[in-house]
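Given the structure is predicted, the values throughout are model-derived calculations rather than measurements. Whatever order the structure lists ligands and atoms in, that order sets their numbers, starting from 1. Heads up: numbering here begins at 1 and tracks the sequence.
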Amino acid sequence: MLDKRKFYIDGAWVTPAAARDHAVIDPSTEEACAVISLGDQADTDRAVAAARAALPGWRATPPAERIALVERLIAVYTRRIDEMAEAISLEMGAPIDFALREQAGAGTWHMTNFVNAAKDFLWIHPLGDGTPGAMISYEPVGVVGLITPWNWPMNQVTLKVTPALIAGCTMVLKPSEEAPLSSMLFAEFIDEAGIPAGVFNLVNGDGMGVGTQLSGHPDIEMISFTGSTRAGKAISKTAAETLKRVCLELGGKGANIVFADADDDAVRRGVVHMMENTGQSCNAPSRMLVERPAYDRALEIAKATAEGIRVASGHEAGDHIGPVINQSQFDKIQGLIAAGIKEGATLLTGGLGRPEGLNKGYFVRPTVFADCTPDMTIMREEIFGPVLSIMPFDTEEEALRIANDTPYGLTNYVQSQDGAKVNRVLRAFHSGMAVANGQSRGAGAPFGGVSASGRAREGGRWGIEEFCDSKSIGGWVD
Ligand code: NAD
């Protein structure tokens, strides 16, 4: 078992103030694979003090130098990406090939996109014509607290750390206590890249401890958080006392509207997307709405596709899906599958219990429900497991009404070969992201939602702006 009882503070690995051990569980085996320490107030204060001390030097470092250091970080990350994939696979169960290609790969992708955006970023520019001497500048927010979840660990860490570094902020990262190993490795990369001491600090801990301490800390100016809507609300309340900026990336309940004129691969693609990462993605297309003439055929395809998805250990090579993160998520998913059955949805495939032959590990059967109705629990709650809910619709208006009838608003999807209809629906979705026909958002596009999904915009220029205060200047001398 790995002993990881240390924090990265002020450019060095330090011993935690108190002995509060926490086991990291390998979801593929249910065995403890590492022990970390949960920090307490003294650790949080020490990390925040280091970040505060490093702030004047880092904010005064020219952006080009900060960007050059991020480029060195990318080089280290790229060289050691296999280690990163191993860490992610171990801590959260992603199959090793997926962990390398998608999970660890997301880190390289985001960091590179940020560097590209930063090279074009105007740190100061005129307000406009006819207002001589009036300028707008972008200044670093200051010391920031970064709190991340376990489901896409490096995706979320790089979406926060990179723009904070580029903007000139100093920071304390608290990764999820469920999946801290990848972030500890990332701290090694930061060290190796030569990021100055105190600019980046890492303290492990849980939400009630370090998470709350960061959210309420008087010397922190901003919290950037990704995780559940529940924790997002708690953080907002705690942060209100010190009037922090709070950027929230929260849950989702994405709709995927499949019109009868969709391409032949649309349903299969939607099922595969739903099951990817074992359904543990906030932007998963978890509600499939199918236009009635295409409905019966869609159910056949969905059933066959889900039955073709293999479930196995994260340590095995291959294109299967792995376990879910922990016992409580396993139990929650089982409860929601049971609710789907009880409330009268048709179980097309999957269902309760583990897949055949897998008796240990938090493995869930890829599950598809048909004939769902908008009021069912499985259509309303974020399941965060490999469970797809399908229902028919008759008109575009009805499909949009159902799609938007959710407290969430992260990503919605539409499948059709009618361009005018596609564009109409993309604009009508109440969500931060809207995607058609299996395309992806462009490199450097912002990721974020509306309403209960939070309103952060992470990625590219928008992601850098989140870590800046705009300053309105008058009397600028040319
Ligand atoms: P979680 O909210 O329980 O935990 C996320 C992080 O917040 C962890 O580091 C945790 O320790 C910390 N935390 C928990 N309670 C806290 C509190 N009261 N104060 C401060 N910090 C606290 O979520 P999770 O179970 O780790 O992640 C799954 C959730 O994250 C899902 O709901 C998912 O949809 C959401 N998510 C959203 C996005 C997005 O970009 N919108 C991306 C990934 C995951």
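With 3.5 Å as the limit, one finds no donor-acceptor pair spanning the side chains of Asn256 and His273.
Residue, atom and distance of the protein heavy atom nearest to atom 28 (C) of ligand 1 are Phe384 CE2, 3.6 Å. At the shortest separation from atom 7 (O) of ligand 1 among protein heavy atoms lies Phe225 CE1, 3.0 Å. For atom 34 (O) of ligand 1, the nearest non-hydrogen atom of the protein is Glu382 OE2, 2.6 Å. Looking from atom 27 (O) of ligand 1 to the surrounding protein, the closest heavy atom is Pro149 CB, 3.4 Å. Closest to atom 3 (O) of ligand 1 among all protein heavy atoms lies Arg230 NH2, 3.3 Å. For atom 41 (N) of ligand 1, the closest non-hydrogen atom on the protein side is Leu250 O, 2.4 Å. Here the protein heavy atom with the shortest distance to atom 16 (C) of ligand 1 is Gly207 CA, 3.4 Å. Looking from atom 24 (P) of ligand 1 to the surrounding protein, the closest heavy atom is Trp150 NE1, 3.2 Å.
For Trp462 and Phe121, the distance between ring centers is not under 6.0 angstrom.
Taking every heavy atom of Asn151 and a limit of under 4.0 angstrom, the matching atoms of ligand 1 come to 43 (C), 44 (C).
The shortest N or O to N or O distance between Thr148 and ligand 1 is under 3.5 Å.
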